[in-house]
Q: 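Here you go, one structure.
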Amino acid sequence: MTVTRIDNLAAAQPADFTVLFVKNEAAGEKFVETFGETIRGAISDALSSDVVVSFYADGSNGRIAIVHGEGTMEEARLAGAKAAKHVAAQKGDSVVLVPCCDNKSGATLEGFILGSYRYTRYKTQEDAQWEGPKSIQVVGGEAASEKIKVAQIFAESTNLARDFVNRSPDETTPQGLGVLTKEAGEAVGLSVDVWSKAQIEEEGMGGLLAVNRGSIDHPAFIVMEHKPADPVNEQPIMFVGKAVTFDTGGLSLKPTKDSMDHMKMDMSGGAVVIGATVAAARMNLPIHLITLVPSTDNRPGQLAYVPGDVIRMHSGATVEVLNTDAEGRMILADALSYAQRFKPQFVVDVATLTGAQVVALGSRVAAVMTNEGEGSTERIEMMKTAGEATGDLVAELPAFAFYKEQLESDVADLKNVGGREAGTITAGKFLEHFTADADGNAYPWIHMDIAGPAFGHTERGYHPKGSTGFGVRLLAEMLRTIAG
Ligand code: BES
Ligand code: ZN
Ligand code: ZN
């Protein structure tokens, strides 16, 4: 998809659609000069209804669509997505977007690209293979230029994460995910290293290997690095993402309906941090960033780990497995303890970790937690601010020390489940354990549970059904703010 900024409508190349975004009658006046008196009626129709109104200019301007509304940035994104659907219904290959105002050009474009997303890989009918518009011209002054570039990167990186998750899980093996990540990462100048099973064994990643035991596919541990010449941070910022390519629950098997059937989405955390890392590289952010993605599927099998197994983790801690379906924390724990050696400025992990997160916050808001101590309020604020700016909303859950008591084990250092109460928090407390070294010194850490928002069962705004890519834009925005 190509995106071109143009100064004004007069500079546009012919396109299948021209989309005018109008807030009110007054804002529509400026189009009378270009399209003639009759556009007034079309604009007032658009304003009085919630639908997109099409208007056929008698000149050679092609089809004009009028979309109502652009108040907040989120409304601008939603208006962009509404336009995308209108254009898609008629398979428009090229489009000119005329946002209400310069400061909404980026958000309108972002919503348009996000809303144009379709996953066609497995469609065999020609009609269903249309991939969305190929060329977008967006009106905006020179001042909007940067915002337009960023919006394109945010939306395309989100779509990349969506693609990874939407693939059929039989195609997306852990090592296969490594290959895709290498392709996407190296194309934008990232260094990407995909560890083999032997390397994972050498490093002693007992949690990742335990979950992988029931599988016939080897696990992978993906390491991405963005290392610009003159970064603003001395210590790397790190992302860690859960990439369980399919979660059957293992021997603690999930029921199929409404539980196992969408578990290809259990690699969303990994896809999101990969997408955000690609975005950071594309924006050339002056930030040293290291991203870790532990990956395996979780299946029952002859060798599968069983409830009662005590696993020696990468950190050296022992974990009593009481539910093989609490596998995400097993693989993330190894990545979090491995992260210690980089002495990170802070680490954000992203995971579809608990069904309890969906119960607590629903499917539009992710849960965030952080370790207590210096900077904890600022860390949560940083996530909330980036969330509100992008529409990837988050809410904080508490992380009081006493929650960890629920993880006490009779035979090992801790167990992998904390009982029925506060399931999202105890999962977070389990992860937190691995952010500290043997002396109990922990790096600053933020955990984001995206079990609800990662995957949509209905289309909503600029999110299609299926993977939403929730979190890519939040993380990318957070990095952009830090870069200054
Ligand atoms: N991948 C699931 C969590 C999940 C559930 C993600 C629903 C998205 C939607 C995770 O591995 C899991 O199964 N967690 C268990 C933990 C429990 C056994 C302590 C859960 O939430 O039931
Ligand atoms: Zn599970
Ligand atoms: Zn899982």
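Every number for a ligand or one of its atoms is a count from 1 in the order of the listing.
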Q: Is K242 touching ligand 1 with its side chain, its backbone, both, or neither, if touching means heavy atoms under 4.0 Å apart?
A: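 The answer is the side chain.
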
Q: Is there a heavy atom of R329 sitting under 4.0 angstrom from any atom of ligand 1?
A: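 So R329 counts as touching ligand 1.
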
Q: For N/O/S atoms only: which one belongs to D247 and is nearest the Zn ion (ligand 3)?
A: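 Looking only at N, O and S atoms of D247, the one nearest the Zn ion (ligand 3) is named OD2.
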
Q: Is it the side chain (CB and beyond), the backbone, both or neither of D266 that lies under 4.0 Å from ligand 1, heavy atoms counted?
A: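 Contact part for D266 vs ligand 1: side chain (C-beta onward).
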
Q: Of the options N212, V321, L208, which is the one that meets M330 in a side chain to side chain contact (heavy atoms under 4.5 Å, CB included)?
A: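 The residue from N212, V321, L208 that satisfies side chain to side chain contact (heavy atoms under 4.5 Å, CB included) with M330 turns out to be V321.
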
Q: So which protein heavy atom does atom 2 (C) of ligand 1 come closest to, and at what separation?
A: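 Here the closest protein heavy atom is D247 OD2, 3.6 Å.
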
Q: Looking only at protein heavy atoms, which one is nearest to atom 20 (C) of ligand 1, and what is the separation?
A: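 Protein heavy atom with the smallest distance to atom 20 (C) of ligand 1: G355 N, 3.9 Å.
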
Q: Is it the case that more than 12 heavy atoms not belonging to K182 sit under 6.0 Å from its NZ atom?
A: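 Atom NZ in K182 is crowded, with more than 12 foreign heavy atoms closer than 6.0 Å.
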
Q: Looking only at N, O or S atoms, which one in E327 sits nearest to the Zn ion (ligand 3)?
A: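 Among the N, O or S atoms of E327, the one closest to the Zn ion (ligand 3) is OE2.
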
Q: Is the centre of the W445 ring less than 6.0 Å from the centre of the F434 ring?
A: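 No, ring centres 6.0 Å or more apart.
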
Q: Which atoms of ligand 1 have any heavy atom of N323 under 4.0 Å away?
A: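 What qualifies from ligand 1 is 18 (C).
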
Q: Please determine if the Zn ion (ligand 3) has an N/O/S atom from K242 lying under 2.8 Å away.
A: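 True for K242.
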
Q: Between Q357 and ligand 1, which residue portion shows a heavy-atom distance shorter than 4.0 Å: side chain, backbone, both, or neither?
A: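 Looking at Q357 and ligand 1, no heavy atom falls under 4.0 Å.
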
Q: Out of the N/O/S atoms in D266, what is the name of the one closest to the Zn ion (ligand 3)?
A: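 Output for this pair reads OD2.
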
Q: Test E75 against K104 for salt bridge (charged side-chain N to carboxylate O under 4.0 Å, His left out), laying out the working first.
A: CA-CA 10 Å; E75 279 164 358; K104 301 281 164 37; over 6 Å; no

Q: Should we count CD of E131 as having more than 12 external heavy atoms under 6.0 Å?
A: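 Not more than 12 within 6.0 Å, no.
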
Q: Can you list the atoms of ligand 1 that are under 4.0 Å from a heavy atom of V417?
A: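 Per the distance check, 19 (C).
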
Q: Could you identify the single nearest non-hydrogen protein atom to atom 12 (C) of ligand 1 and state the distance to 0.1 Å?
A: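 Answer for atom 12 (C) of ligand 1: D325 O, 3.2 Å.
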
Q: I need the nearest protein heavy-atom contact for atom 8 (C) of ligand 1: residue, atom name and distance, please.
A: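 For atom 8 (C) of ligand 1, the nearest protein heavy atom comes out as M265 CE, 3.5 Å.
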
Q: Test salt bridge (charged side-chain N to carboxylate O under 4.0 Å, His left out) on D309 and R213 and set out the steps.
A: CA-CA 12 Å; D309 272 347; R213 263 167 34 192; 3.0 Å; yes

Q: With under 30° as parallel and over 60° as perpendicular, where do the rings of W195 and F221 fit, or are they tilted in between?
A: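 Rings of W195 and F221: tilted, 30 to 60°.
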
Q: Is D127 atom CG crowded by more than 12 heavy atoms from other residues, nucleotides or ligands, each under 6.0 Å away?
A: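 Open.
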
Q: Side chain, backbone, both or neither: which part of H262 comes within less than 4.0 Å of ligand 1 when only heavy atoms are counted?
A: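 It is neither; nothing of H262 touches ligand 1.
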
Q: Which ligand 1 atoms, with their elements, are less than 4.0 angstrom from a heavy-atom of K254?
A: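 Checking each atom against K254, I get 2 (C), 12 (C), 13 (O).
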
Q: Shortest non-hydrogen contact from V348 to M478?
A: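 So the two residues come closest at CG2-CE, 4.3 Å.
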
Q: Between V165 and M265, what is the shortest heavy-atom contact and its length?
A: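 Taking every non-hydrogen atom into account, CG1-CA, 3.7 Å.
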
Q: Measure L353 to ligand 1 on non-hydrogen atoms and call it side chain, backbone, both or neither using the 4.0 Å cut-off.
A: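 The backbone, only.
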
Q: Going by the atom numbers of ligand 1, which of them fall below 4.0 Å from some non-hydrogen atom of E327?
A: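 That gives atoms 11 (O) of ligand 1.
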
Q: Would you call M263 a ligand 1 contact, heavy-atom distance under 4.0 Å?
A: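 Checking ligand 1 against M263, which is what was asked, there is a heavy-atom contact under 4.0 Å.
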
Q: Measure the NZ-CD1 distance between K242 and I450 for me, rounded to the nearest 0.5 Å.
A: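 One finds 9.5 Å between NZ of K242 and CD1 of I450.
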
Q: If I compare all heavy atoms of I200 with all of A220, which pair ends up nearest, and what's the gap?
A: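 Smallest heavy-atom distance, with atoms named: CD1-C, 3.7 Å.
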
